[in-house]
Structure formats: structure tokens, C-alpha cells
Amino acid sequence: MQKRLFLLLFLALYCSSVKSQGMWIPSLIEKQNEKDMKALGLKLKADDIYAPAHPSIKDAICQFDGGCTGEMISSEGLLLTNHHCGFDAIQQLSSLENNYIENGYWAKDRSTELPAEGVTAMFVTRIEDVTLVALQGVTDGMAERERQSQIDKNIAGLKSATKKEKWEDIEVRPFYNGNQYYLFVTQTFKDVRFVGAPPSSIGKFGADTDNWVWPRHTGDFSIFRIYADKDNHPAAYSKDNKPYRPGHFLPISLDGVEEGDFSMVYGFPGATNEYLTEAAIRQTGEVLDPARVAIRDRALKVMDGFMRKDPAVKISYVARYASIANAWKKWLGEMQGMKTYKAYDKKAAYEAEFTARIQQNPDWNVRYKNLLPRLRQLYKDIEPYALGRDYYLETMVRNNEIMGTVSSLSGWINSYDPKNEAVFSDKLSRIKNSMAGFYKDYHPQVDEAVLAAMMEMYGENARAEWGAADVKYMAKDAGGYTALAKNLMEQSVFAQRSKFMDLLETQKPAEIANTLKNDLAFKLWEKLQGFYTGQIQSKLQELQPQINLLQRQYMAAQMEVFKEKRFFPDANSTLRLTYGKIRGFSPKDAVQYEFQTDLDGVMEKYIPGDYEFDVPQKLINLWKAKDYGQYATTDGRLPVACIGTNHTTGGNSGSPALDAHGNLIGLNFDRVWEGTMSDLNYDPAICRNIMVDARYILFIVDKFGGAGYLLNEMKLVKGKKKRKK
Ligand code: ARG
Ligand code: ASP
């Protein structure tokens, strides 16, 4: 009895605190969130935020370059996103003479805006719930494959029956683990030009050390412009294109933020898994995360050693290092956070309550009583294979370059067919190009050391019967993993730029394919990949669909059994709105984080000449003179970043943070270290999103960049906010 009482109490706390969480579907805000949002302070109506038939805030929001979010900040297509989201494009446009990463860039006028080839901006025209049609003819007893092919057929029908303009696209996506389906009509712009960004010492200030950490002092923003054809529709690049005139653009607030202010973040969150079982998140936090972290630990340490010794290596490897380190640090935060903040206990209590409730309802009991036990068993069954997959992919594909390259070229190499050489040779020039790009930043001595470490991790820790024994044996034969890596690098043509490029330039397809197929690195890949597909992937393909089916049923069951709880669908890279308050937090006893940082804090972190914490002289001068103009707080500080309780994830980078009136107050770019578990276990007491303060962005553009003319096309607003007494 006592135990039950405790559980109920726990659950009551859990559910009430959960209230502010969620990534909501914009077309459902009126029904699901408007009241709640108004209670928190929203001054707009739901259809100011999303409306299919007239302009609304959604018309200012786009998915930037496939993985981030961007937003319109002028009537002439000016687009704001993160520095780390524009990074690839900026790097592509940079050269040694014009190093925009290092020095920043500000186009003086339209003619000096630089076409960012390949960059896209996708807007949502309208969203429709198409669940009924998508699931037509689907029955409970269907096998998964049969079910999916029925759904695919329904979706194809939907796509052809839906009215759209010729420049628009249609996408249908599953929600709530496949219990619901939504259709999106979208338009994607392809002429996107780089307008400006601060130098990395501002846009990436604090780099990897500060990544995922609060307090933060990064000016993580960059500016682009969308161009459209003469009818304002998407078009390929043309010098005749005109700046895009969006249905809506965001006014920017000069009022700033205070603790407790309402805020909302509008964007394209990538993926979350908030409704898994305890068994599932425990597996991630206690088995998979630790393995991936340990592997990346090794790889990163090796890379870091070389980067510190040699500035040339540092330049070549910063982007690669940053991307490997980004996930590494997130997993580390996630596994620690779930342990510290009792994620497993919370899930266990939730499941106990689920079980108690279904036992009191005979109908539920029949339908749902096997769900949790079966999921528990299936997670046990899949664990070794999930771990095997992570071990293989992390050591042999993702973290060392030579095996990663072999793996990505393997399809092409194996496609060689003497009777039909065209399949192979048609791809030759593209591969030559991409390999030339690869070798530009390739340092074989670094990769050799990483390869030795990765083979050791695999050989010593993976299951013997999955090829680990073979790797171990090879190492023994060679006189250790270091010697094995050395042999491999010396003998493999993939590791040698001139040999590889020569081979592609001078040899016939048959000879190229023959050489590559007999290459030592290719042979090793072939062997391990054979174990992987034969013994790991095949098991995953057998078990994962069973888990997916039960998870879909469990999702539906949770929504039925916990009627009082509001369920938002897990993030799936579609447009969502999340809301909350600007708020600090307390990660542990006696520690309290404030909600805002300022320029003084940048100077506290300043390390002259340091790769991560250097500060440009001009910014130092502005700081010394306290020359903050209209961007200062009332007490004369220059705000840099702030945190709030908005529930965000990867993909929300570049998303606008808006005030109660829909004005831009900040630019989302990260989450706090203690709360990186939020993809699996959002905890409103601990999880915070990090935003660059809009005033810091304006200050950098205007006072630091001297690009104040850009402000002329923006709409700066002041005095909109009623001060609290
Ligand atoms: N952690 C943030 C995100 O997941 C920012 C990453 C970019 N910054 C960096 N130092 N790598 O994307
Ligand atoms: N930094 C992430 C992004 O790039 C945002 C996050 O994970 O909070 O989307």
C-alpha cells in the first residue's frame, strides 16, 4: 500500500512537472496548447503562429540545409541561423586568402553576397492530419511488412490526390511511432547566398570545451539570403533571381529577456524518444552510450595529441574533431544525467502505474498486459546485437578515416561488372572529385594511430565470433595493433594519395576494381562487414521490427491509459513549436545557474592566442569602451546568451526563440550539459535550451561587423513588453 502511495505521488509530481515539455504540431496548437500558452504569458492567438490560408509566423521558419532551422528576419529574404549550421557553406566559400571562418565576412551589398552552392531552405505551406487515409485497410493481425506496404500504397495515393502548386513538394510522415500520419506541403529554395558571419572567435567561441555547457558565451549565428524567381517561387541559382519576399518575417526585440518571461522556439527538431520503456533507456544509458563514449574517447585523444603538436593537422581536423566530439560529449552527458537525475526510477514508477491501471480494467488488461514484459525480453534479446552494431560502426566506419572511406566506396567497388563496366566508370569522375577533397585534409600518420586504437578496441572488446578474434589474431601476428596498423597503412592504396589518384587517373576500370578489391584495407573491411551483415545486422532485422510493433502498441496504450496526460509526438524532423520560460536552474545542492551571460563573461574566459578562447581585438576595444549602444541592458551590460525551459533537440539549432508577441529574442543553438538526457528523459527541473541573445547578434552585426546597413531592412521593436512590477 505504502509503495503504491509513493508511486502515485511520484507520478503526480512527474506528470505535473511534465506540463511544460513537448514539441507540438503547429496545426494543433489551438486545440492542444493555446490555453496553456496563454496562461504562461502568450499574447498571440494560435492562428498567428500557424495558419494554412493566411500569413502567420510559420511562414518565417524554414529547415536550413536539411538539418538545422533558419528564419526570415526581413521582408527581403534575410535568413538567420547558427554559425555552426552555416559552417560547411562558409568553409566551402573560404580560401586561404579569404578565410571567412577565421576572419568572418560581411557582404557590403547584394552584389557581394556569395552563392552557397547546394544549400537549401525548406518552408511548410500547410499540414494535414491524414491518419485515416494512411491507415486504411490496416488491421491488427497484419504482419509488419504487409502493414507497411499497405501504408506505402495509401501514402502514394494521398500524394497524387493532394493539390499542390508545381514548385511545391508533398511529404507524409509517421507520428507517435506510426499511430498517426501527417502530410506536409512544402517549398524548397535552392538559391541561398551567404551574407555574413562573425569570425570563429565569436561564432564558435569556447568551441569544444564549452560545447553542451552553460554558462556559455558563443555568438553562434550567421546570416544568409534566399533568392527566388520573378514570381517569388523557388528556383535554381540565377543572377536574375530576386530576394525572396516571405509571407512573414520576425521583428527583433530590443527589450531583452528577464527570468520568468514566456518564450517559444519554432523549428525542426530531429529525433527524440520520450516514450520508451525503462529497459530501453537503461540499455542506451548503461550499455550503448558507455561503449560509444569509450571508443570515441580513444579516437579523440589520439587526434587531439596530433592537433596540439602540429598546426597543419589542427586546421585539417577541426571540423572532423568537432563533429566526433559533439556526439561523444552528448552521450556522456546523457548517460551521466540519466543516472544522476534518476531517469530509470522515474520510468519504473511510470510503468508500475501503467500496470496498476490496466489491471483495474479487464479490457486493457487483456490487450496490454503482455506489452511491457515482452518489450523487456526483446530488449534483453537485442542487447548484444545493438552493442555489436555500435562497436563495429564506431570503430570501423565512423571514427577512422581509412576504413570509413573503404566502407563508403565499397558499393562502388563491388559494382564492377566486366560485362557492364559503365555502372562502375560512370561514377569515376565523381569519386575522383570526392577523394581529392578527402585527401586535402588527410594526414595518414594521424589516421594510422587512430586505426591502431580502433582495431584494439574492436579486437579486445567485441565478441570473438564477430571478427574480433580475427583482428586479435592479425595483431598478434604483426606484433601488436600499432604494427598491424602500420602494415595496413603502408600496403593500402587508400592511405596513399598519389597512388590512389594515379590508379584512378591512369588505369582501366578492370584494373582499378581489381587493385581495390585486393587491397588489404578492403579485405579487412570485407571480412568484418561479412560478420556484421551475417551475424549482427540479420539479428537486428529480425528483432527491431518486433520492438517497433510493440512500441507502437505501447505508445497507443499510454495515450489511452494516461488520459489526463498530454502526449506530444516524438521529434521527427518536422516543424514543431515548443514553449516555456526563460529560467536558470540548480543542477545540484547549493549550485544555482543564472539565466543570462554577458560580455564581461567573455572577457573572463579570454585566453590570448588560444584556439578556443581568443577574443578579437575589436571586441575587446568595444568592451573596454562599454560601447554597447542600444543593445545594453538597463544596468549597462551587454547580454550574450540565455537559457530557458523550451524542450529542444538536435535540428533545433538555428531556431528562433520568440517572446509572447512573436518577436525574436534569441537564437537557439544548444542545451545544458546536465540536461543532454532530454531526448530520452526530459526533466523540466534540469533541461534547458541555450540561446544567443538577439541583442548580441545585433551588436555584433552593427558595432563589431560594421554592417549596420543590414539593420535597415530588419524591424527592431522596443517597448512591446510590459515590465513586471
Ligand atoms: N552541441 C550543439 C549541437 O549539437 C552545438 C554543436 C556545434 N558546436 C561545437 N562546438 N561543435 O549541435
Ligand atoms: N546543437 C543542436 C543542433 O545543432 C541543438 C541541440 O542539440 O540542442 O541542432
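Note that ligands are numbered from 1 as they come in the structure, with each ligand's atoms numbered from 1 the same way. Just the heavy atoms: all of them, side chains too, but no hydrogens, waters or symmetry mates, feed the values below.
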To which protein heavy atom is [atom] closest, and what is the distance rounded to 0.1 Å?
atom: atom 8 (N) of ligand 1; answer: Asn211 OD1, 3.8 Å
atom: atom 7 (C) of ligand 1; answer: His84 CG, 3.5 Å
atom: atom 2 (C) of ligand 1; answer: Asp670 OD1, 3.2 Å
atom: atom 3 (C) of ligand 1; answer: Asn326 ND2, 3.7 Å
atom: atom 7 (O) of ligand 2; answer: Arg671 NH2, 2.8 Å
atom: atom 10 (N) of ligand 1; answer: Ala207 O, 3.3 Å

One residue to check: Thr649. Relative to ligand 2, which of side chain, backbone, both or neither has a non-hydrogen atom less than 4.0 Å away?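 Answer for Thr649: backbone.
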How does Asn82 reach ligand 2, by side chain, by backbone, by both or by neither, if only non-hydrogen atoms under 4.0 Å count?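 Within the 4.0 Å criterion, Asn82 makes no contact with ligand 2.
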Atom indices of ligand 2 within 4.0 angstrom of [X] heavy atoms, with elements:
X: Asn652; value: 9 (O)
X: Trp212; value: 7 (O)
X: Gly650; value: 2 (C), 3 (C), 5 (C), 6 (C), 7 (O), 9 (O)
X: Phe669; value: 1 (N), 2 (C), 5 (C)

Lys/Arg-Asp/Glu bridge criterion (N-O < 4.0 Å) met for Arg671, Asp679: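 The answer is yes: the pair qualifies as a salt bridge.
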Salt bridge present between Asp683 and Lys346 (N-O < 4.0 angstrom):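 Yes, charged N to carboxylate O under 4.0 Å.
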Using 30° and 60° as the class limits, which term best fits the ring planes of [X] and [Y]: parallel, tilted or perpendicular?
X: Phe205; Y: Phe613; value: perpendicular
X: Tyr593; Y: Phe585; value: tilted
X: Phe189; Y: Phe123; value: perpendicular

Kindly confirm or rule out an N or O of [X] lying under 3.5 angstrom from an N or O of ligand 2.
X: Gly651; value: yes
X: His84; value: yes
X: Ser653; value: yes

Only one of Asn652, Asn689, Thr69 clears side chain to side chain donor-acceptor pair (under 3.5 Å) with Asn668; which?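 Of all the options given, the one that passes is Asn689.
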Determine the minimum heavy-atom distance between Ala271 and Thr649, stating which atoms define it.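 Result for this residue pair: O-OG1, 3.6 Å.
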Could you tell me whether the side chain of Glu612 reaches within less than 4.5 Å of the side chain of Asp210, counting heavy atoms only?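 Result no, sub-4.5 Å side-chain heavy-atom pair not found.
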Do Val615 and Trp623 come close enough that some side-chain heavy atom pair is under 4.5 Å?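 With C-beta onward as the side chain, the pair stays apart.
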Decide yes or no on side chain to side chain contact (heavy atoms under 4.5 Å, CB included) for Asp441 and Arg320, but give the supporting numbers first. CA-CA 10 Å; Asp441 287 322; Arg320 185 175 166 79; over 6 Å; no
Kindly indicate whether a cation-pi arrangement holds for Lys347 with Tyr344, taking the cut-offs as under 6.0 Å to the six-membered ring centre and within 45° of the axis.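 Lys347 over Tyr344 ring: no.
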Find all atoms of ligand 1 within a distance of less than 4.0 Å from any non-hydrogen atom belonging to Phe669, and give their numbers and elements.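 The atoms of ligand 1 under 4.0 Å from a heavy atom of Phe669 are 2 (C), 5 (C).
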Does Phe268 have a heavy atom less than 4.0 Å from any atom of ligand 2?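 No, Phe268 has no heavy atoms under 4.0 Å from ligand 2.
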